Amino acid sequence: MDLFDSIAADAQFRRVGSAPTPAHRAEADALLEGLNPEQKAAVIHQGGPLLIMAGAGSGKTRVLTHRIAYLLATGRAQAGEIMAITFTNKAAAEMRERVGALVGDAQGRRMLVATFHSACVRILRQNYDPAGLKSTFSIYDMQDAQRLLGMVLKAQDVDVKRYTPRSIGARISDLKNELITPSEYISTMGSDPVSQIVAAAYPEYNRRLRQANAVDFDDIIMLTVQMLSENPAIAEYYQRRYRHILVDEYQDTNHAQYVLVRHLVGIGANAVAPGELTVVGDSDQSIYAFRGATIRNIEEFEKDFPNAQTIVLEQNYRSTGNILSAANAVISRNSGRRPKKLWTASGSGDRIVLDALDSEYEEARNVIRHIEALNSEGADWGDIAVFYRTNAQSRSMEEMLMRSGIPYRLVGGTRFYERMEIKDALAYLQAVVNPEDTVAIRRILNTPRRGIGDKAETAIMAHADRYGLSFGAALDAVTQGETIDGLSPRAATSVAEFWTMLADIRTQAESGASTAHVLDELISRSGYLAKLRESEDPQDASRVENLAELLSVAEEFDVERRQSGETEGTLAAFLERVALVADADQVPGDDDRRGAVTLMTVHTAKGLEFPYVFVTGLEDGTFPHRRSMEDMSELAEERRLAYVAITRARKKLFLSRAATRSAWGQSEAMAASRFLDDIPEETVEIGREPTRETYGFSSGTSTSSNSGIAFGSGKPGSLQSTFVKSQPTKRLGSPAVGGGKLGQASAKPALKLEPGDRVKHGKYGEGTVTGIDGSGPQAVARVDFGGTQKRLLIRMAPLKKL
DNA sequence: GAGGACTCGATTTTT
DNA sequence: TCGAGTCCTC
């Protein structure tokens, strides 16, 4: 980075920015067409910090994209001076695309639109040294971080049953989100046992992270903030570079992110005049407090940033009047909020349908009944979404959908990138990129089994600790022929073989081999793939497919990189991309959504909209969640979550609950959700009610203050939980192909396929080849299985040509 | 060191 | 109910 260049460039921007031509004027004015007065004000606002309080469906993204386009069209900013921060990669891509559509793709590409995390990784990679890292640093996800923390806790003789890595990790995460360093913590902590453990584990955990040349999610923000505050010259560089900072979903920022924003804008920090800051948010949609987000940031915006102005958007362009009334009623019960009422110029629309069923299976069946009706009235499956509070609830829904043959798509849950085989493969890649990555290396050291067991691992660890080496360096020593106490010659040979293989592949990677090639080499030469293919376990068959899918993701990534001309650090970039994907990134866009019902948690649904929305599990204990019912602030967050769920619906909203729900195989009586009590009676039509026999007494025992629509409140204890015996459910749609068969399939010479061929797949059935990517052993077929698109590695997938 | 049987705890929500 | 982690035997 060259400061003088940037200053010179900056001066040039300034000049261009001063005088809009008439052509510019017309283009800029066109951007204001069709906006309401508040939206218009938000778009043209100039100067001081701006807070846009954007209610659900109030055209927030439109305002943000038009504001950026307006800045560009009036010449107030160059694309390269704009940094827009979102919470998901998908939102970032969407914003870039929409701005591109307004002002041209070339401009769109020159802006920095990214999530907090990817923007910070970018900054850290550019300044790894002052941040105390090496350029190849790894990013640990929660799983990796907990693994490392587990090692630390065990080394410190902590009872990890009582104090789990998960709970201690959550505490450390909170501290990092508050930018509290280990030494600061020690001087302020309490004396309870947990605090003691945290105080001891936190510094050691950080030390081991740095030793492994790795950062966790929270470090990404915290280290960036620390680096910027310790290096004013670097901070100044970014302040000069980015003159317009826009932050979406500001209500979800935590303290560290807030401080980061201040650094980027540069409030009085140095000679540079502060950049223009725009934040957009809705405190009623703050649903990430558990992750450290604080509404404070949005509530105190005007105090934090002098001369700030606030614009409130309340007109809703998404939902019907009934849906908005329900949403307003639910959220209005939260105290201490800045009053805000959504309104719509369109009519009240259909009533909200409220159904109560006997069990979660009945509830699922009921949803399907409605879905089929909607579909026969002409709705596309893709216009329909089903939401639930927790991922575990998706199961009953999925089973019923499979039976009914309705195509569906589940977003989130056990994520692709969290699956064992994917994590293993990525750990191999990580070990190639960063030879000091202890967690990655230890994960794959004996996977597949190669005779390096606990004893050997412990011996190597001890050796590393004694000489202050990283785990990788100790493996290196073994490979060089050094003998280590407690390491058998057999194990040593195995270690040397393993490490030599990695080194060899690393050489290939460094001399420019593609990501896909490196990945393929790793899973083949390590024996990982062979092991899975030999297995009789049908689960392993789908693992092989998942690896094939990962390979095709890598292939796609390689192509993308080649096209963009970036050839350096491709492997690291791939790992980075993969580490920072979120559930929400997997949500298909409007066009790809067609043809399948979408299932997801309410959290994942934030920011989306569907014509038809089902919110399920409206029971006290499910939604609001049991663990949030005691604490007032947590209950308030549940209420905001309900508000988010309701406001996703455009045309019609279906709410349902089950009178009994089974958790851990045990059926339990559930009372109606308190949120149902708040929904105005006139907006609702009561559909099904639970069958009488389920209950000791009749329905209508609602404690509701105003409406009494909490129909059929099942009083716990008043029923025999054995009553609703859902039939034993078999997992349907399990892979029809066993591991053995698959092994054969892949042993055969690769199938010759071309677009238009009909094929039969062991799991997905018959489909049509729509395209072939790549060639030779990496050839991937794009196959359409009756609306579901799949990418399959021809060499490995259980495919037959018809 | 590997593989199988057994126990125990888990369900919030996630960048 | 189910998966991960632990213990035990070969």
Side-chain angles (χ1 to χ4, degrees), chain A residues 85-92 114-121 139-143 145-147 150 154 160-162 164-167 169-170 173 176-177 216-221 249 252-254 256-257 286-293 387-396 411-415 417-418 420 446-458 488 490-491 494 539 579-586 600-606 617 621-629 631 634 637-638 640-642 644-645 661-668 726 728-729 731:
Chain A
I85 300 176
T86 60
F87 267 80
T88 66
N89 297 299
K90 185 175 166 260
T115 64
F116 269 107
H117 291 266
S118 42
C120 285
V121 168
I139 298 167
Y140 282 1
D141 65 12
M142 222 169 54
Q143 251 184 59
Q146 279 177 21
R147 249 176 130 90
K154 277 190 197 126
V160 287
K161 275 262 163 64
R162 183 80 221 89
T164 58
R166 187 192 151 110
S167 62
S173 173
K176 289 186 173 181
N177 287 332
D216 65 21
F217 276 149
D218 307 309
D219 281 339
I220 292 175
I221 313 291
E249 308 281 16
D252 289 333
T253 52
N254 59 35
Q257 289 162 336
S286 161
I287 54 174
Y288 287 109
F290 70 92
R291 206 167 72 190
F387 302 153
Y388 33 80
R389 176 66 179 80
T390 66
N391 277 306
Q393 290 166 249
S394 71
R395 176 171 251 162
S396 49
V411 183
T414 10
R415 285 196 234 160
Y417 291 109
E418 279 168 11
M420 181 188 79
N446 201 30
T447 311
R449 304 259 127 100
R450 46 174 76 90
I452 311 171
D454 286 349
K455 234 182 116 188
E457 200 179 320
T458 313
S488 72
R490 238 181 80 183
S494 217
Q539 268 206 330
L580 298 177
V581 292
D583 278 348
D585 296 330
Q586 316 290 329
M600 67 186 114
T601 64
V602 180
H603 280 89
T604 309
K606 193 169 83 154
T622 309
F623 194 0
H625 194 274
R626 185 166 281 111
R627 294 176 61 158
S628 304
M629 282 168 52
D631 183 288
E634 286 179 43
E637 179 146 318
E638 294 286 315
R640 293 192 292 270
L641 202 49
V644 167
R661 184 171 294 277
S662 43
W664 307 301
Q666 210 110 72
S667 190
E668 198 190 340
S726 57
T729 41
R731 267 263 173 230

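Labels below follow one simple rule: chain letters A, B, ... track the order of the sequence lines, proteins then strands, and each chain is numbered from 1. Every value quoted in this text rests on a predicted model; they were computed, and no experiment measured them.
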5' priority, DNA chain B, between A:K455 and A:G412 [closest heavy atom]: A:K455
Which part of the nucleic acid, if any, lies within reach of A:F87 when heavy atoms closer than 4.0 Å are counted: base, sugar-phosphate only, or nothing? sugar-phosphate
Interatomic distance where CD belongs to A:Q257 and C1' belongs to B:dT14 [whole Å]: 12 Å
Nearest to the side chain of A:A582, which nucleotide is it out of B:dT15, B:dG1, B:dT14? B:dT15
Which listed nucleotide (B:dG1, B:dT15, B:dT11) is nearest to the side chain of A:R166? B:dT11
Atom CG of A:D454 and atom C1' of C:dG5: how far apart are they, to the nearest Å? 12 Å
Rounded to the nearest angstrom, tell me the gap between atom CD in A:Q143 and atom P in C:dG3. 15 Å
Of the options C:dT6, B:dT13, B:dT15, whose atoms approach the side-chain atoms of A:K161 most closely? C:dT6
A:R490 or A:E634: which one's nearest nucleotide on DNA chain B is closer to the 5' end? A:R490
Under 4.0 Å: is that the gap between some side-chain N or O of A:T88 and OP1 or OP2 of B:dT15? no
note: A:D218, atom CG; B:dT14, atom C1'; distance rounded to Å ~ 11 Å
Choosing from B:dT15, C:dC2, B:dA2, which nucleotide comes nearest the side chain of A:D583? B:dT15
Does OP1 or OP2 of C:dT1 have a side-chain N or O of A:S662 closer than 4.0 Å? no
What is the distance, to the nearest angstrom, from the CD1 atom on A:I221 to the P atom on B:dT14? 18 Å
May I ask you to say what A:N446 touches in the nucleic acid, namely base, sugar-phosphate or nothing, with a heavy-atom cut-off under 4.0 Å? sugar-phosphate
Distance in angstrom units between A:K154 NZ and C:dG5 C1', rounded: 9 Å
Base B:dT13 paired with A:R389 side chain (donor-acceptor, <3.5 Å): yes
Would you call the rings of A:F116 and A:F87 parallel, tilted or perpendicular, taking 30° and 60° as the class edges? perpendicular
Looking only at side-chain N and O atoms, does A:N391 come under 4.0 Å of OP1 or OP2 in B:dT11? no
Could you check whether any side-chain heavy atom of A:I287 comes within less than 4.5 Å of a side-chain heavy atom of A:V602, counting everything from C-beta outward? no
Using the six-membered ring for Trp and the full ring for Phe, Tyr or His, decide whether A:F290 stacks on the six-membered base ring of B:dT14 (centres under 5.5 Å, planes under 30°). no
Considering only heavy atoms from C-beta outward, does the side chain of A:D252 approach that of A:K606 to under 4.5 Å? yes
Would you classify A:T604 as touching base, sugar-phosphate or nothing, given that sugar-phosphate means primed atoms plus P, OP1 and OP2, and contacts are heavy atoms under 4.0 Å? sugar-phosphate
To the nearest angstrom, how far is A:D216 atom CG from B:dT15 atom C1'? 12 Å
Nearest to side-chain heavy atoms of A:H117, which nucleotide of B:dT15, B:dT14, B:dG1: B:dT15
For a 4.5 angstrom cut-off between non-hydrogen side-chain atoms, does A:E637 reach A:F290? yes
Qualifying residues under side-chain contact (heavy atoms from CB on, under 4.5 Å), relative to A:A256, sequence neighbours excluded: A:L179, A:I221, A:N254
If the cut-off is 4.0 Å, is A:R449 near the phosphate of B:dG3, judged by side-chain N/O to OP1 or OP2? yes
Which nucleotide, B:dT11, B:dT15, B:dT14, lies nearest any side-chain atom of A:H625? B:dT11
Would you say A:N446 and A:E457 make side-chain contact, with heavy atoms under 4.5 Å? no
Is any side-chain nitrogen or oxygen of A:R450 closer than 4.0 Å to OP1 or OP2 of B:dA2? no
Considering residues at least two apart in sequence or located in another chain, which fulfil the salt bridge (Lys or Arg N to Asp or Glu O under 4.0 Å) criterion with A:R389? A:E638
Atom-pair distance (CZ on A:F623; C1' on B:dT11), nearest Å: 15 Å
Checking all strands, does A:R640 fall into the base, sugar-phosphate, or nothing category for heavy-atom contacts under 4.0 angstrom? nothing
